[in-house]
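A short write-up of the structure that comes next.
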Number of protein chains: 2
Amino acid sequence: MTHGWAPPARSGRAASQQDMRRQNLALVMTTVAAHGPLSRAAIAGRTGLTRAAVSSLVEELNTAGLLTELGSLPSGRAGRPGRALALSERGPAGLGLEVGVGHLGACVVDLRGEVRGWLRVAADNRNRPADEVLAELATVSRRAVTEAEGTGLRPVAAVLAVPGLVGEAPGTVATAPNLGWRDVAASGLCAQGLPLEVENEANLGALAELWHGTGTSDFIHVSAAEGIGAALVVGGRLFRGARGFAGELGHVPLCPDGPVCACGARGCLEQYAGEEAVLRQAGLAAGEDAVRRLASRAREGDRCALAALERAGEALGTALAGAVNLVDPEAVVLGGAYAELGDWLLPGMRRELTARALRRWPPKALLVSGLGRRGPLLGAGMAAIRRIIEDPAELTVSRSRR
Amino acid sequence: MTHGWAPPARSGRAASQQDMRRQNLALVMTTVAAHGPLSRAAIAGRTGLTRAAVSSLVEELNTAGLLTELGSLPSGRAGRPGRALALSERGPAGLGLEVGVGHLGACVVDLRGEVRGWLRVAADNRNRPADEVLAELATVSRRAVTEAEGTGLRPVAAVLAVPGLVGEAPGTVATAPNLGWRDVAASGLCAQGLPLEVENEANLGALAELWHGTGTSDFIHVSAAEGIGAALVVGGRLFRGARGFAGELGHVPLCPDGPVCACGARGCLEQYAGEEAVLRQAGLAAGEDAVRRLASRAREGDRCALAALERAGEALGTALAGAVNLVDPEAVVLGGAYAELGDWLLPGMRRELTARALRRWPPKALLVSGLGRRGPLLGAGMAAIRRIIEDPAELTVSRSRR
DNA sequence: ACTAATTTGTTTGCCGCCCTTACGAATAGG
DNA sequence: CCTATTCGTAAGGGCGGCAAACAAATTAGT
């Protein structure tokens, strides 16, 4: 450290010609994914590559089964019509997996982002040996995969959604309190040798929203369940923080002298808007489908429930206003279990946000996720397939690629 | 939008061989900048490039005056010793500029990050025509530049620090309330044709901390002045948010029913820890060197001042705990004017952070900036030079580079 | 219907860049 | 003094994108 510089932030690695090719393959894939069927010339125009280069790239992607030629693509203007290229619907696919407290899930998503297989079975995973849970998930997964293989799909990457924190080592769960897991390695789940990635379920719910939901790519996705978590999506990427613990909205201090929280501090948001607090205020017992019961109470006009939801919405809005001032997102999306309660939570949230957000907060910037409980599993499948799209070189003939 | 994908987040552009070269030139520069004098072989080892490639890259950087050969670099082991390469101390330099409420500043920083010229003059810029201010800054800048040119330096990029928000258009100030500026174009400031970038002074203070301060590259830099701002540094990069307004810590709600703030909401942090509030509680009048007076009062043991600082520290700590839970930084750095008050603010801040941060918060992760008021100007100079280091191709022979 | 214009996709030749291999240079150890 | 080791450079090769030219397919004009 003789010079005064801190270590460089990005790109610690050399760029080779393989990397260039890799990046351009990815560029073609992402371009086609984003802008529908395109001709080679259109891809060239959009990306800045030459038509010749695009031809070469497309051929490579084509033989790998990632792209398909659909047929003529009349442009309306004079000239030879292009041949439409689209993401293949019968080739590599993504496998999404989920371990929930009360269920297991598996889904298969094709390159276009379409769900081609969906399986969800009830299972009481609370304090059940992790091996056992993973073994059952493996059979569920196999069923979904064989079903998908019938329609010409071949899973090539898997992502597992867990209600807990992901470990440093790839493919491991550091801790999942509601499952009773601690340092569980999920590798070996895919005997087929698929690369497996483990990710927090709330984060995957946010990614599902990014890819299947509204157009924005900078938002805070609130997903309240046992705890209140916020996934920050910034520039279309998950923001994980320095150590991967970003997004703990539930323990933002709301009122410094408030009630004591399980975390030891006072007045955390969770004490005002957490599931337990809301149910208590509404006079309901906790339980498996507590949120659903609360929603029906509110629908019936139960005063107590409505007041509790009102207060919770305000608390959420206040805490979110702070987050918005700090992070400056384009939108806030309410997802997770609380999405079902949106009708009653939103007014208070919106009121607080408009009052407290320093930048004008348009009403449309606060919305409810349309994916609901399906978010995490869907996000897992999409994340798996997204991996392929953003680095297709892994599946390509790979003359000598790493 | 026939496919379900949102637009891709990154890399909307094709990669060509020039880009590859560009990236590798930058890689060599950042490597040398970060790890002191290195031989070509050492650079090759660190970056993954071949010795041959490094030789070629180094030669290009050498003829551009960006690198210098220092002499033999004995390794201790057997074998021919390498020739040490270091960032040049007499070539391209960065020009930092600053417009404050009460002063103007200019500095010249060489590639090694060393300050080689420093000029700061008092000037009452409050509600003075922007043209006039910029004209005076230009003369100050010229003096600093001619001085630096005497020692063999040649400024090639400039960054201007302003106490306000930066506009969308490059080189413009959207609004600087304390200066009375609105949509001011700062281009034309550098008649020499240097590329000029405008940036918020607090952000530059944070960057100065990144490059001249402690080793961490993920931190929240609190800089309290008129308002309370937080610059978020994530992975060694400034985090600006979707529209560039991230970091408004001053208006995080601290107590939902607190006193009304100038922003219209209730109980913002600024009402508890802002300069005005603290001075009022301490029984001091506002004014130019109010912070200094407050510090001396505290040093003398003034009960009132100590109590006010205690409360302010607690409030800051509470709000920061929320931010820490949300963003998960490695450290919090107290900078700006409040750095001088660190002795009295830190205890309360630390107490609140340890109590409220969900992840264990080590005491060393909260610290006071050693740069004080020099941060923004220093950061401007460093940012200018950093630009060169991270894209040296701009200064290279450029056979036909864009 | 026929021609001109236009756009697409491919082919060919070229250049740039990194990699591999080989070689001279410079130092430490015996 | 000789050998092992490491450093920097030079020569040859492969790969990948670019520029230009060309054949194919369609529209527009007469």
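Within every chain, numbering begins at 1; the chains are lettered A, B, ... in the order of the sequence lines, protein sequences first and strands thereafter.
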Query raised in the report: Contact class for B/A41 (heavy atom, under 4.0 Å): base, sugar-phosphate, or nothing?
Result: sugar-phosphate
Query - B/P81, nearest nucleotide to its side chain (from C/dT10, D/dG17, C/dT27) - result: C/dT27
Requested in this report: Would you confirm whether B/D218, through its side chain, and B/V234, through its main-chain N or O, come within 3.5 Å as a donor-acceptor pair?
Outcome: no
Query raised in the report: Has the side chain of B/Q17 got a donor or acceptor atom sitting under 3.5 Å from an opposite partner on the base of C/dG16?
Result: yes
**Report entry** Charged N-O contact under 4.0 Å between B/E69 and B/R40
**Finding:** yes
Query raised in the report: D/dG17 C1' sits how many Å from A/Q23 CD, rounded?
Result: 13 Å
**Report entry** DNA chain D: 5'-proximal contact among A/R51 and B/S39 (nearest heavy atom)
**Finding:** B/S39
Query - Phosphate contact (C/dC18 OP1 or OP2) by A/S16 side-chain N/O below 4.0 Å - result: no
**Report entry** Residue closer to the 5' end of DNA chain C, B/P74 versus A/G79 (nearest nucleotide)
**Finding:** A/G79
Requested in this report: Taking only the side-chain nitrogens and oxygens of B/S55, find out if one of them lies under 4.0 Å from OP1 or OP2 of D/dT9.
Outcome: yes
**Report entry** Integer-rounded Å distance: C/dC19 C1' and B/L57 CG
**Finding:** 13 Å
Query - Value in whole Å for how far the P atom of C/dT27 lies from CG of B/L73 - result: 12 Å
Query raised in the report: What is the distance from CE of B/M20 to P of D/dG17, rounded to the nearest Å?
Result: 10 Å
Requested in this report: Run the salt-bridge test on A/R386 and A/E197 with the 4.0 Å N-O cut-off and return the result as yes or no.
Outcome: no
Query raised in the report: Can you tell me how far C1' of D/dA25 sits from CZ of A/R77, to the nearest Å?
Result: 15 Å
Requested in this report: Ignoring hydrogens and angles, answer whether the base of C/dG9 and the side-chain atoms of A/R40 contain a donor-acceptor pair closer than 3.5 Å.
Outcome: no
**Report entry** Donor/acceptor link under 3.5 angstrom from A/R80 side chain onto base of D/dT26
**Finding:** no
Requested in this report: Please say whether more than 12 non-hydrogen atoms of neighbouring residues, nucleotides or ligands are located less than 6.0 Å from CZ in A/R90.
Outcome: no
Query - Base D/dG16 paired with A/R21 side chain (donor-acceptor, <3.5 Å) - result: no
Query raised in the report: D/dG17 phosphate, OP1 or OP2: any side-chain N/O from A/N24 under 4.0 angstrom?
Result: yes
Query raised in the report: Of A/S56 and A/A78, whose nearest nucleotide on DNA chain C comes first from the 5' end?
Result: A/A78
Requested in this report: Answer yes or no: is there an ion pair linking B/E199 with B/R387, defined by an N-O contact shorter than 4.0 Å?
Outcome: no
Report task. Determine whether any donor atom in the side chain of A/E59 lies under 3.5 Å from an acceptor atom in the base of C/dG9, or the reverse, and answer yes or no. Result -> no
**Report entry** side chain to side chain donor-acceptor pair (under 3.5 Å) between B/R80 and B/S39, worked out
**Finding:** CA-CA 11 Å; B/R80 167 179 168 179; B/S39 69; over 6 Å; no
Report task. In whole angstrom, give the distance that lies between atom CG of B/L38 and atom C1' of D/dC7. Result -> 14 Å
Query raised in the report: Quick one: A/Q18 CD to C/dC17 P, roughly how many Å, whole number?
Result: 16 Å
Requested in this report: Let me know the distance between CG of A/D19 and C1' of C/dC17, rounded to the nearest Å.
Outcome: 13 Å
